[in-house]
Every structure is written in C-alpha cells, then in structure tokens.
Number of protein chains: 2
Amino acid sequence: MSHKEISKAVIKRLPRYYRYLGELKEAGVERISSADLSSLMKVTASQIRQDLNNFGGFGQQGYGYNVQYLRDEIAKILGLDHMHNMVIIGSGHLGQALANYTNFERNGFQVVGLFDNNKDLLGTVVNGIPIRMIDELPAFLAANEVEIAALTLPKDNAKKMVPVLLEGGIHAIWNFAHTDLNLIVPKDVAVQNVHLSESLMRLSYNLKTLQEDASPADQKEP
Amino acid sequence: MSHKEISKAVIKRLPRYYRYLGELKEAGVERISSADLSSLMKVTASQIRQDLNNFGGFGQQGYGYNVQYLRDEIAKILGLDHMHNMVIIGSGHLGQALANYTNFERNGFQVVGLFDNNKDLLGTVVNGIPIRMIDELPAFLAANEVEIAALTLPKDNAKKMVPVLLEGGIHAIWNFAHTDLNLIVPKDVAVQNVHLSESLMRLSYNLKTLQEDASPADQKEP
DNA sequence: TAGATTGTTAATCGATTAACAATC
DNA sequence: TAGATTGTTAATCGATTAACAATC
C-alpha cells in the first residue's frame with residue numbers, strides 16, 4: 001500500500017463531519033474552529049483535528065477551518081465528487097424504497113437499474129426505473145458503467161448473486177441481507193453491511209439497560 | 001449504576017453472535033468451541049470468550065458452548081425474550097418497507113401502528129396496519145403499550161416528533177432521519193441511528209481506496 | 001484420569017485526549 | 001505585534017490478543 005492506512009473509526013466519522021459542514025454552509029457560516037464544531041457535534045476538538053490531519057492540513061492557525069473548503073475536501077476524500085451508478089438487486093419493498101430515495105442523487109449516487117426474480121414485478125416502474133429480470137443483469141452490467149450493487153434480497157439469494165456481480169465488474173456491495181458477504185468476497189471488493197435487525201437488537205439492549213439503571217431494584221453496590 | 005458497564009463494542013457484536021448461533025442451531029449443531037466459532041466468524045477465540053464473560057460463564061471447560069443455551073442467553077441479554085411493540089412515524093416508502101418486514105416479528109418486534117401527516121395516505125393499509133394521521137399519535141400511545149418508535153421522515157419533522165414521543169412514554173427511538181436525535185433526547189431514552197447515506201459514503205470511500213491500492217500509479221514507498 | 005477448552009489475568013496494541021510549540 | 005487556533009507530539013485510556021491456570 002502506498003498511502004498510510006486510515007483507521008476505520010476515522011472513516012466512520014467523516015460522513016458525520018460532512019453532514020454538519022453541509023448544515024453550517026446552509027446556515028451561511030463561513031468558518032468554524034475545531035472548538036466550536038466540537039461543542040456542536042459533542043466530540044472533542046482534539047479528535048476533530050486529529051481526524052482531519054490524517055488527510056492533510058485543511059485549517060489555518062488563528063483562523064480555523066473554512067466551511068465550504070473543508071466540506072469540499074471531505075467530499076473528495078469520500079469520493080462524492082463524482083457520480084456513482086448503482087443497481088438494486090431485489091425489488092421488494094426495501095429495494096423499491098431505496099430506488100425512491102432521491103436524496104441519494106444529491107450525494108452522487110444514482111440508481112440506474114432494478115432487478116428481481118419475481119416475474120409478477122415485470123412491467124413495474126419505480127421512480128422511472130423499470131424492474132428487470134435477474135437474468136438480464138450480466139448483459140446490463142456489461143452495457144452500463146455500474147460501480148455499486150445494493151442487495152435487498154434474502155440471504156441465500158444474496159450469496160448466489162456475488163459471483164454474478166464480480167463477473168459483471170462490480171467492486172462495491174451495499175448489503176442489506178442477513179449474511180456476511182465480506183467473508184466470501186475478494187479483498188479488492190468493498191462491502192458495507194446494513195443489518196437492520198442487528199441495529200434493532202442493539203436498540204432493544206439499550207432500552208433494557210437504561211430501564212434497569214433507572215429502576216431502583218438493585219441499587220446496592222457489591 | 002448497579003451493574004458494570006458493558007462496552008459499546010461488545011454490544012455491537014452480540015447480534016452477530018446471535019445470528020451465527022441461530023444458523024448453527026438450524027444446521028443441527030449442538031455444541032461449539034470458541035475456537036470453531038472463531039474460525040467461522042473470522043474473529044479471535046479470545047474475543048469471543050472475553051465478550052461472553054462480560055455476562056457470565058456460559059461455557060464449560062473441556063466442552064465448549066451449548067449452541068441452544070448460549071443463543072437463548074444472548075436473546076435474554078438483548079431483550080429478545082419478549083415482544084416489543086413499535087410504531088412507525090413516517091409512512092413513506094421506507095416506513096412502509098419496514099412495516100412489511102415480517103422478519104422483525106420473528107425476533108420479537110411487532111409493528112402496531114403506522115403514522116403520517118399526509119392526508120392522501122389515509123385509508124391505506126400496509127401489512128394489515130392502517131396508516132393513521134400523526135395527530136392521533138398521542139391518544140394511540142396512551143391507549144397502547146408501545147416501547148419503540150421508528151422515525152422514517154425528514155429530519156426537521158423527526159426533531160419535532162421527539163417531544164410528542166417522550167410525552168407518550170416512548171423510551172426507544174430507531175432513527176432513520178439525517179439528524180442526531182441522541183443529542184436532543186434525555187439520557188434515559190435509547191436512540192439507534194440508521195444513517196443510510198452515511199453508510200453509502202463509507203462504501204464509496206472504501207471503493208475509492210481499494211481501487212487506488214490496486215492501481216499501480218503510486219507504488220513506490222517513501 | 002487425560003485431553004480439551006473455558007474463564008481470567010497479563011501483555012499488547014490502537015484510539016482518544018491533553019498539551020503545547022508552530023504559525024497565521 | 002498579540003491573540004487565536006491549528007498541527008502534532010506525548011500521555012492516557014480502552015479494547016484486543018495472548019497466555020495459562022482452573023476445571024469439566
């Protein structure tokens with residue numbers, strides 16, 4: 001690897017910085033110090049400066065950070081400075097919801113194809129995109145420049161799709177299926193999992209724990 | 001606090017253990033060692049044992065872990081041993097997709113109400129649940145035992161809903177809106193954020209980085 | 001009993017926070 | 001210039017991994 005490895009924790013935080021900088025820009029704020037951003041975002045100023053300095057010096061001593069400039073730089077880092085074409089494999093409710101989610105376009109992600117194996121969906125058009133049958137996918141990928149595949153289908157079907165996607169030149173998988181595709185994919189393919197039920201389980205845990213803490217049942221220390 | 005604090009990192013991993021144990025159970029596996037589970041899940045055996053020992057000794061020396069028993073214990077820890085009623089606020093495509101997601105029920109989460117402020121949706125029934133107008137929410141929360149609110153609406157509307165939810169006795173918010181509700185909620189209310197566009201941005205970053213690593217453009221070390 | 005494997009303590013590694021010199 | 005605030009090094013904290021004694 002030619003550039004130094006950036007930790008996952010840092011990458012996790014970048015989109016949040018990006019979001020706050022967008023809101024500041026909307027609000028007409030031109031510059032901000034790490035201290036001010038820190039009190040807004042409830043993280044330490046030190047962390048903000050450390051995070052940003054992984055990518056170079058975006059600020060200026062005595063001044064702070066220029067909101068517009070910093071936001072643009074983060075956009076470049078995240079690869080939001082150009083369009084990413086995406087296909088959605090699995091056109092059930094969730095797949096269709098994603099296809100309808102036009103906000104993605106603002107951030108540079110464009111849904112160009114919808115696929116399913118259910119013949120009943122043939123002829124259905126979602127947000128201007130016709131649902132195609134899954135066996136058309138290889139030809140579609142060959143004919144179109146597609147970077148990302150979102151997988152919104154049952155886990156066994158998702159696994160079966162992987163070779164087809166790799167064959168079609170896909171290098172990024174946005175995985176909503178309840179399986180760890182990252183374990184069965186070559187290391188040059190990016191996978192982001194969105195495991196909704198796991199998120200819901202964590203919410204359940206936190207709910208339970210907060211309630212136990214609040215209840216006076218077992219307050220005595222050992 | 002009466003019990004020792006469990007780190008977020010551990011909680012994050014529990015649902016994944018739960019999922020793997022479920023698959024092992026399905027496959028008829030009765031017992032498993034931390035070493036075998038470790039090679040299956042691609043984490044260290046040490047981590048598995050450390051994680052589980054936060055909650056007590058679920059294994060047995062020389063034997064390993066009983067799959068069924070361990071799974072049940074994790075279910076209890078996560079609060080999956082009883083039903084959680086959930087309302088969905090915002091009945092657009094994503095809200096409806098969640099309402100249709102019957103898998104949640106298997107894990108103890110039941111959608112009992114759907115709400116929106118769009119009068120055009122009045123009369124629409126999704127997965128057996130009628131969409132109600134948002135002004136009916138306080139009465140609904142008073143009349144029904146609801147623990148969780150999923151927020152699938154634009155960020156400004158989501159923020160406005162918070163006081164209504166708190167007033168209605170909601171203690172867990174599953175937040176799909178692009179705003180950090182955890183910062184505006186009392187500390188005894190659990191919030192889990194699902195920020196889809198942030199996930200997509202991380203995917204974009206990883207895609208970009210893997211491609212740069214693969215390209216021979218700048219291979220020389222400093 | 002002997003072998004296997006946990007539970008747990010100690011060592012290592014990585015990430016966060018604090019501090020401050022550099023500099024705008 | 002003086003004040004403000006970054007960039008960066010050093011200190012702290014927390015999480016992961018390794019090691020091994022306890023024990024089934």
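All figures in this text were calculated on a predicted structure; none of them were measured in a lab. Sequence lines set the chain letters: A, B, ... in the order given, protein chains first and strands last, and positions in each chain run from 1. Atom set for the values below is all heavy atoms of this structure, side chains included, hydrogens, waters and symmetry mates excluded.
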Trainee: What integer distance in Å separates A:Q60:CD from D:dT5:P?
Mentor: 12 Å
Trainee: Let me know the distance between CD1 of B:I48 and P of C:dT5, rounded to the nearest Å.
Mentor: 13 Å
Trainee: Both distances under 3.5 Å, Watson-Crick or G-U wobble: report the partner of C:dA21, or none.
Mentor: D:dT6
Trainee: Would you kindly say whether A:N144 and A:N85 are connected by a side-chain donor-acceptor distance under 3.5 Å?
Mentor: no
Trainee: Centroid-to-centroid, B:Y101 to B:F104, below 6.0 Å?
Mentor: yes
Trainee: Within this structure, what is the CZ-to-C1' distance between B:F58 and C:dT6, rounded to whole angstrom?
Mentor: 13 Å
Trainee: Hey, does the side chain of A:S34 come within less than 4.0 Å of D:dT5's phosphate (OP1/OP2), counting only N and O?
Mentor: no
Trainee: Quick one: the side chain of A:Q50 and the base of D:dT6, do they pair up donor-acceptor inside 3.5 Å?
Mentor: no
Trainee: Taking any heavy-atom pair under 4.0 Å as a contact, classify A:R13: base, sugar-phosphate, or nothing.
Mentor: sugar-phosphate
Trainee: Output yes when at least one side-chain N/O atom of B:T44 is less than 4.0 Å from OP1 or OP2 of D:dT16, else no.
Mentor: no
Trainee: Which whole-number value in Å describes the distance from B:L37 CG to C:dA4 P?
Mentor: 20 Å
Trainee: Looking at the side chain of B:Q47, which of D:dT5, C:dC20, D:dT17 is the nearest nucleotide?
Mentor: D:dT17
Trainee: What is the separation between atom NZ on A:K8 and atom P on D:dT16, rounded to the nearest whole Å?
Mentor: 12 Å
Trainee: First locate atom CG of A:L40, then atom NZ of A:K42, and finally report the distance between them rounded to the nearest 0.5 Å.
Mentor: 8.0 Å
Trainee: Does B:S46 reach a base, just sugar-phosphate, or nothing at all? Heavy atoms under 4.0 Å.
Mentor: base
Trainee: Whole angstrom is fine here: how far is it from OH in B:Y65 over to P in D:dC24?
Mentor: 14 Å
Trainee: Once side-chain hydrogen bond (donor to acceptor under 3.5 Å, both in side chains) is applied, what residue pairs with a partner in residues 60-78 of chain B remain, sequence neighbours excluded?
Mentor: B:Y18-B:R71, B:Q68-B:D72, B:E73-B:K76
Trainee: What's the CD-C1' distance between B:Q61 and D:dA22, to the nearest Å?
Mentor: 6 Å
Trainee: Just the rounded figure in Å: distance from P of D:dT9 to CG of A:N54.
Mentor: 13 Å
Trainee: In terms of side-chain heavy atoms of A:R49, which of C:dT5, D:dA15, C:dC20 is nearest?
Mentor: C:dC20
Trainee: Starting at CG of B:L94, measure out to CG of A:N100 and round the result to the nearest 0.5 Å.
Mentor: 10.5 Å
